[in-house]
Novice: 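Quick one: the structure is below, questions incoming.
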Amino acid sequence: MGDAVDLTGDGGVIKTIIRQAKPGALGPSEDLPLVDVHYEGTLAESGQVFDTTREDNTVFSFEIGKGSVIQSWDIALRTMKVGEVAKITCKPEYAYGSAGSPPDIPSEELKKQRELAAATKEEEKKKREEAKAAAAARMQAKLESKKGKGKGKSK
């Protein structure tokens, strides 16, 4: 494992790289703020897993900087790149507050939310693929029509 890095300067969000990203891998940016993550949330005191995408192998997607996730994720994932695996440890004020526990959202509800997000993402991917196929078909038709015109002079 890599060295622990204090991302906030106050020990509030600590990142330890478990697996480096490949050279040249991209990270989130203002132009590309959407990230897809696999994660396992555990309580520091007991090691108890309170939420995970590993169980059903779903992906959680969100936009960095929109406040839709705990603050430590917005901070830590901004520093990560595609393929990187890291352990993020955070103080309660960067997570769920001084109570130090996640909100009372039943795990079934969290699972449904992840499944819905995954289905939406899959539908968007399908639409992009269909659009690419249609564009490729148009280009092919254009090339075919040019082939039929020939290069010689007309009579």
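If you read the sequence from its start, that first residue is 1, and numbering goes on from there.
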Novice: Assigning hydrophobic clusters by single linkage (Ile, Leu, Val, Met, Phe, Trp, Tyr; side-chain heavy-atom cutoff under 4.5 Å), is Phe62 placed with Ile88?
Specialist: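 They do not share one cluster, since no chain of ILVMFWY contacts under 4.5 Å joins Phe62 to Ile88.
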Novice: Suppose we screen for side-chain hydrogen bond (donor to acceptor under 3.5 Å, both in side chains). Which residues come up paired with Glu130, at least two apart in sequence or across chains?
Specialist: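 side-chain hydrogen bond (donor to acceptor under 3.5 Å, both in side chains) check on Glu130 returns nothing, list empty.
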Novice: Using 0.5 Å steps for rounding, measure from the CD atom of Glu30 to the CG atom of Leu32.
Specialist: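 Spacing of CD (Glu30) from CG (Leu32) equals 11.0 Å.
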Novice: Please identify each residue that fulfils side-chain contact (heavy atoms from CB on, under 4.5 Å) with Glu129, with sequence neighbours left out.
Specialist: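 Counting only residues at least two positions away or on another chain, Glu129 forms a side-chain contact (heavy atoms from CB on, under 4.5 Å) with Lys125.
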Novice: Do you know which two heavy atoms are closest between Val49 and Thr42, and how far apart they sit?
Specialist: CG2-CG2, 3.7 Å
Novice: Group every Ile, Leu, Val, Met, Phe, Trp and Tyr by side-chain heavy-atom contacts under 4.5 Å, then state whether Val69 and Leu43 land in the same group.
Specialist: yes
Novice: Could you name each residue pair satisfying side chain to side chain donor-acceptor pair (under 3.5 Å) that touches residues 68-86, not counting sequence neighbours?
Specialist: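 Passing the test, one end in residues 68-86: Lys15-Thr79, Lys15-Glu84.
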Novice: Who passes side-chain contact (heavy atoms from CB on, under 4.5 Å) against Ala44, sequence neighbours left out?
Specialist: none
Novice: Can you list the residues that meet the side-chain contact (heavy atoms from CB on, under 4.5 Å) rule with Val5, with sequence neighbours excluded?
Specialist: Leu7
Novice: Taking a hydrophobic cluster as the set of Ile, Leu, Val, Met, Phe, Trp and Tyr residues connected by side-chain heavy atoms closer than 4.5 Å, whether directly or through intermediates, do Val59 and Val82 fall within one such cluster?
Specialist: no
Novice: For residues 19-27, please give each side-chain donor-acceptor pair under 3.5 Å, one per line with the distance, not counting sequence neighbours.
Specialist:
unit_1 : atom_1 : unit_2 : atom_2 : d
Arg19  : NE     : Gly83  : O      : 3.3
Arg19  : NH2    : Gly83  : O      : 3.0

Novice: Within the side chain of Thr53, is there an N or O that forms a donor-acceptor pair under 3.5 Å with the backbone of Tyr39?
Specialist: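 Looks like yes, one N/O pair under 3.5 Å.
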Novice: Please enumerate all residues that pass side-chain contact (heavy atoms from CB on, under 4.5 Å) together with Thr8, with sequence neighbours excluded.
Specialist: Asp6, Asp10, Val13, Ile75, Tyr94
Novice: Is Ile70 linked to Leu34 within one hydrophobic cluster, defined over Ile, Leu, Val, Met, Phe, Trp and Tyr using a side-chain heavy-atom separation of less than 4.5 Å?
Specialist: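 Result: no, two separate clusters.
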Novice: Please report the shortest heavy-atom distance between Met80 and Pro28, naming the atom on each side.
Specialist: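 Nearest pair, atom of Met80 first, then Pro28: O-CD, 3.2 Å.
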